[in-house]
> 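This structure is in structure tokens; I'll ask about it shortly.
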Amino acid sequence: MIDSDNERSLDAVESLPDEEGTIRLTWRDRLVEFGLDMGVAMACMFLAALVFAGILIATINVAEESAPGLFERGSIAVVGLVIVSAAVGNACGYLCFPYLTRFIFRGFELQDDRLDRSVRKLLAVTGMDITAETLYAMKGRTANAMVSGLFRKARYIFFTDKLLEKMKEEEILAVFAHEVAHIRHRHLFKMLSSGILWICAIQIIWYLMDFNAYYDALDESLKTWASGLIGGVNVWLVMVCVMLPLSRRNEYEADATAAGWVGAECYSRALYRLHQLNDRMKAPRKFARVFLTHPSLQDRLDRVAQLNSK
């Protein structure tokens with residue numbers, strides 16, 4: 001429950017007139033957009049898996065000649081090797097994400113007076129040097145923006161052409177501030193670290209319960225099914241229990257920081273307009289919210305309004 005001041009703030013945002021330009025996608029458009037997004041994600045996951053398997057196999061093969069028995073199945077050395085290989089593989093996936101996004105979505109480096117002014121304003125307000133990051137316009141069917149890349153000189157802040165076409169300068173500044181807030185709070189590193197910590201925890205638990213002994217006791221015909229089931233459940237758990245909740249928490253944190261930089265009212269209006277443009281005003285069902293990377297519009301506006309009332 002929010003207080004009366006927050007309710008008045010939300011009413012002010014929700015009373016914005018419906019503007020022209022709402023992007024209404026057909027089911028084919030939505031399918032293509034989803035396919036492109038998944039294409040980038042799957043390519044990064046494939047790269048991470050390839051690096052993971054390559055390090056694992058190469059290290060074990062070399063060790064068999066130089067140090068026989070070091071990586072005996074189920075040993076603590078194997079646990080450590082799996083963790084290191086997974087960490088390197090995931091880091092490679094994160095590092096390559098911006099370049100795969102550029103390749104799949106296409107676009108160009110931005111030269112936009114509005115963004116130049118936004119950069120100067122954010123430099124003055126935040127004190128952050130964001131001139132090393134590359135601003136990039138990519139083709140997209142929706143109005144959207146995101147930041148990607150672990151290191152400054154390899155980091156991109158992406159804006160879709162629809163966002164640049166349909167949003168006003170102050171709204172673009174607010175969206176830009178949100179992406180810069182992700183950089184300020186090192187959210188990409190936190191996401192990567194959380195995934196690695198999950199892998200560490202799972203490997204240690206399996207080692208302590210001697211999981212390999214149970215696995216080896218299975219019939220050969222069941223091992224493939226068991227591996228697939230365990231892998232699927234593990235991915236589902238890490239996403240639902242760790243990555244998605246952390247992603248929503250990061251969005252709240254970026255909202256709060258960006259609202260502090262550009263003003264809560266300006267930020268709320270931009271957030272509302274972004275959802276309006278993308279025809280996403282309808283709140284998701286409660287059971288579906290645990291599978292979303294972003295909180296609902298109402299929840300995000302409520303948080304910003306609460307900050308503004310303090």
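Along the sequence shown, the residues carry numbers beginning at 1.
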> When Ile, Leu, Val, Met, Phe, Trp and Tyr are grouped by side-chain heavy atoms lying under 4.5 Å apart, directly or through other members, which residues fall in the same group as Met45?
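Via sub-4.5 Å side-chain contacts, Met45 links to Phe34, Met38, Met42.
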> Compare every heavy atom of Ala154 with every heavy atom of Tyr99, then report the nearest pair and how far apart it is.
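Reported closest heavy-atom pair: OH-CB, 3.3 Å.
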> For Thr126 and Met128, indicate whether the former's side chain and the latter's backbone hold a donor-acceptor pair under 3.5 Å.
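Yes, the answer is positive, given that a donor and an acceptor are paired below the 3.5 Å cut-off.
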> Can you list everything that forms a side chain to side chain donor-acceptor pair (under 3.5 Å) with Asp216? Sequence neighbours excluded, please.
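Side chain to side chain donor-acceptor pair (under 3.5 Å) list for Asp216, sorted by chain: Arg73.
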> Is it the case that the side chains of Arg273 and Gln276 hold a donor-acceptor pair, with the cut-off being a distance below 3.5 Å and no angle test?
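Note: Gln276 and Arg273 side chains meet the donor-acceptor criterion.
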> Hydrophobic clusters here meaning ILVMFWY residues chained together by side-chain heavy-atom distances under 4.5 Å, can you tell me if Leu50 and Val84 are in one?
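Looking at the clustering, Val84 is in a separate group from Leu50.
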> With sequence neighbours excluded, what pairs up with Leu47 under the side-chain contact (heavy atoms from CB on, under 4.5 Å) test?
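side-chain contact (heavy atoms from CB on, under 4.5 Å) list for Leu47, sorted by chain: Val51, Cys96.
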> Give, for atom CZ of Phe176 and atom CG of Leu163, the distance between the pair rounded to the nearest 0.5 Å.
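Atom-to-atom, Phe176:CZ and Leu163:CG are 12.0 Å apart.
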> Where is the tightest heavy-atom contact between Ala145 and Phe159, given as atom of each residue plus distance?
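That would be CB-CD2, 4.0 Å.
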> Kindly give the cluster partners of Ile57, where membership spreads through any ILVMFWY side chain lying under 4.5 Å from a current member.
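Other cluster members: none.
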> Can you pull the salt bridge (charged side-chain N to carboxylate O under 4.0 Å, His left out) pairs that have at least one residue in residues 89-112, sequence neighbours excluded?
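Passing the test, one end in residues 89-112: Asp112-Arg114.
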> Ion pair present between Arg248 and Asp299, side-chain N to carboxylate O less than 4.0 angstrom?
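So Arg248 does not pair with Asp299 through a salt bridge.
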> Mind running side chain to side chain contact (heavy atoms under 4.5 Å, CB included) on Phe151 and Leu95 for me, showing each step along the way?
CA-CA 8 Å; Phe151 304 107; Leu95 287 169; 3.5 Å; yes
> What residue pairs, at least two apart or across chains, pass salt bridge (charged side-chain N to carboxylate O under 4.0 Å, His left out) with a residue in residues 46-59?
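Residue pairs passing salt bridge (charged side-chain N to carboxylate O under 4.0 Å, His left out), neighbours aside: none found.
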> Taking atom CG of Leu244 and atom CE of Met239, what is their separation to the nearest 0.5 Å?
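Reported to 0.5 Å precision, the distance equals 4.5 Å.
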> Is there any salt bridge (charged side-chain N to carboxylate O under 4.0 Å, His left out) pair reaching into residues 232-246, and which pairs are they, with sequence neighbours excluded?
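Salt bridge (charged side-chain N to carboxylate O under 4.0 Å, His left out) check on residues 232-246 returns no pairs.
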> In sequence, state the C-alpha distance, the side-chain angles, and the governing distance for His294 and Arg280, and then conclude on side chain to side chain contact (heavy atoms under 4.5 Å, CB included).
CA-CA 12 Å; His294 289 56; Arg280 294 176 180 170; over 6 Å; no
> If you link ILVMFWY side chains whenever their heavy atoms are less than 4.5 Å apart, which other residues fall into the same cluster as Leu25? By chain and number, please.
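Answer for Leu25: Ile23.
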> List, by chain and then residue number, the residues other than Leu31 in its hydrophobic cluster (Ile/Leu/Val/Met/Phe/Trp/Tyr, side-chain heavy atoms under 4.5 Å); write none if there are no others.
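Reading the cluster by chain and number, Leu31 sits alongside Trp27.
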> To the nearest 0.5 angstrom, please state how far the CD1 atom of Ile157 sits from the CD atom of Glu133.
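It comes to 5.5 Å.
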> Find out whether Leu110 and Leu164 are in side-chain contact, i.e. whether some heavy atom of one side chain is under 4.5 Å from a heavy atom of the other.
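The answer is yes; the side chains approach within 4.5 Å.
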> Is there a side-chain contact between Thr59 and Val62 (heavy atoms, below 4.5 Å)?
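Thr59 does not reach Val62 side chain to side chain.
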> Got a second to check how far Asp219's CG is from Leu222's CG, nearest 0.5 Å?
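Rounded to the nearest 0.5 Å, the CG-CG separation comes out at 5.0 Å.
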> Identify the heavy atoms of Val82 and Phe52 that sit nearest to each other, and give their distance.
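Taking every non-hydrogen atom into account, O-CE1, 3.6 Å.
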> Report yes if some heavy atom in the side chain of Met191 is under 4.5 Å from a heavy atom in the side chain of Met243; otherwise report no.
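SC-SC contact between Met191 and Met243 confirmed.
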> Counting neighbours of OH on Tyr214 that are heavy atoms of other residues, nucleotides or ligands and sit closer than 6.0 Å, is the number greater than 12?
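Result for OH/Tyr214: open.
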> Provide the closest heavy-atom pair for Ala177 versus Leu122 in the form atom of the first, atom of the second, distance.
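Here Ala177 and Leu122 meet closest at CB-CD2, 3.8 Å.
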> What's the separation between atom CD1 in Ile60 and atom CD in Glu72, rounded to the nearest 0.5 Å?
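Reported to 0.5 Å precision, the distance equals 12.0 Å.
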> Is the backbone N or O of Pro284 less than 3.5 Å from a side-chain atom of Arg289, with the two atoms forming a donor-acceptor pair by type?
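Checking the backbone N and O of Pro284 against the side chain of Arg289, a donor-acceptor pair under 3.5 Å is found.
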> Report yes if the side chains of Val32 and Arg28 come closer than 4.5 Å at any heavy-atom pair, otherwise no.
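Val32 does not reach Arg28 side chain to side chain.
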> Looking at every non-hydrogen atom in both residues, tell me the closest pair between Ala181 and Ala258 and how far apart they are.
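Looking at all heavy atoms of both residues, the shortest contact is CB-N, 4.3 Å.
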> Roughly how far apart are Leu188 CG and Phe97 CZ, rounded to 0.5 Å?
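Answer rounded to 0.5 Å: 9.0 Å.
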> Is it true that a side-chain atom of Arg155 and a backbone atom of Leu150 form a donor plus acceptor pair closer than 3.5 Å?
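Side chain of Arg155 to backbone of Leu150, a donor-acceptor pair under 3.5 Å: yes, one is there.
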> Can you tell if the side chain of His275 reaches within under 4.5 Å of the side chain of Arg300, non-hydrogen atoms only?
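The answer is yes, as the side chains (C-beta and beyond) meet within the 4.5 Å cut-off.
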> Whether the Asn250 and Ser247 side chains hold a donor-acceptor pair (N or O, under 3.5 Å, no angle test) is what I'd like checked.
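No, no side-chain donor-acceptor contact under 3.5 Å.
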> Scan for side chain to side chain donor-acceptor pair (under 3.5 Å) pairs involving residues 233-243, sequence neighbours excluded, and state none if there are none.
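Applying side chain to side chain donor-acceptor pair (under 3.5 Å) to every pair that reaches into residues 233-243, excluding sequence neighbours, yields Trp198-Asn234.
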> Got a sec, which residues hit ring-ring contact (aromatic ring centres under 6.0 Å, His included) with Phe158, two or more places apart in sequence or on another chain?
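Expected list: Tyr136, Tyr156.
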> Checking side-chain polar atoms at under 3.5 Å, does Asp302 have a donor or acceptor matched by the opposite partner on Gln298?
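The criterion, which ignores hydrogens and geometry beyond distance, is satisfied for Gln298 and Asp302.
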> Mind checking whether Asp37 and Phe105 have side chains closer than 4.5 Å, heavy atoms only?
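Contact flag for Asp37/Phe105 side chains = yes.
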> For Leu301, is there any backbone N or O sitting under 3.5 Å from a side-chain donor or acceptor partner on Ser268?
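Checking the backbone N and O of Leu301 against the side chain of Ser268, no donor-acceptor pair under 3.5 Å is found.
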> Does any non-hydrogen side-chain atom of Ile199 lie less than 4.5 Å from one of Asn90?
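Contact flag for Asn90/Ile199 side chains = yes.
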> If only atom types and distance count, is the side chain of Lys162 paired as donor or acceptor with the main-chain N or O of Asn278 below 3.5 Å?
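Checked: no pair found.
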> Tell me which pairs pass side chain to side chain donor-acceptor pair (under 3.5 Å) where either residue lies in residues 172-183, with sequence neighbours left out.
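Counting only pairs at least two positions apart or across chains, the side chain to side chain donor-acceptor pair (under 3.5 Å) contacts touching residues 172-183 are His178-His182, His178-Glu251, His178-Asp255, His178-Tyr267, His182-His187, His182-Glu251.
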> With heavy-atom distances below 4.5 Å as the criterion, would you say the side chains of Val78 and Leu81 are in contact?
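They are not in contact (no side-chain heavy atoms under 4.5 Å apart), so the answer is no.
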> Could you check whether atom NZ of Lys139 has more than 12 heavy atoms from other residues, nucleotides or ligands sitting under 6.0 Å from it?
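Incorrect, the count does not exceed 12.
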> Out of curiosity, does Trp225 fall in the hydrophobic cluster containing Val233 (side-chain heavy atoms, cut-off under 4.5 Å, transitive links)?
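No: no chain of side-chain contacts under 4.5 Å links Val233 to Trp225.
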> Is Arg117 atom CZ crowded by more than 12 heavy atoms from other residues, nucleotides or ligands, each under 6.0 Å away?
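Check passes, neighbour count above 12.
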> As a quick check of understanding, evaluate side chain to side chain contact (heavy atoms under 4.5 Å, CB included) for Ile202 and Val238, giving each step before the final call.
CA-CA 10 Å; Ile202 292 297; Val238 71; over 6 Å; no
> Which heavy atom of Gly39 sits nearest to which heavy atom of Ile104, and what is that distance?
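Shortest heavy-atom contact: C-CD1, 3.9 Å.
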> Please step through side chain to side chain contact (heavy atoms under 4.5 Å, CB included) for the pair Ile172 and Val175, ending with a clear verdict.
CA-CA 5 Å; Ile172 293 174; Val175 173; 5.7 Å; no
> Step through the shown structure and confirm whether more than 12 heavy atoms of other residues, nucleotides or ligands are within 6.0 Å of CD on Glu165.
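Yes, the 6.0 Å shell around CD holds more than 12 heavy atoms from other groups.
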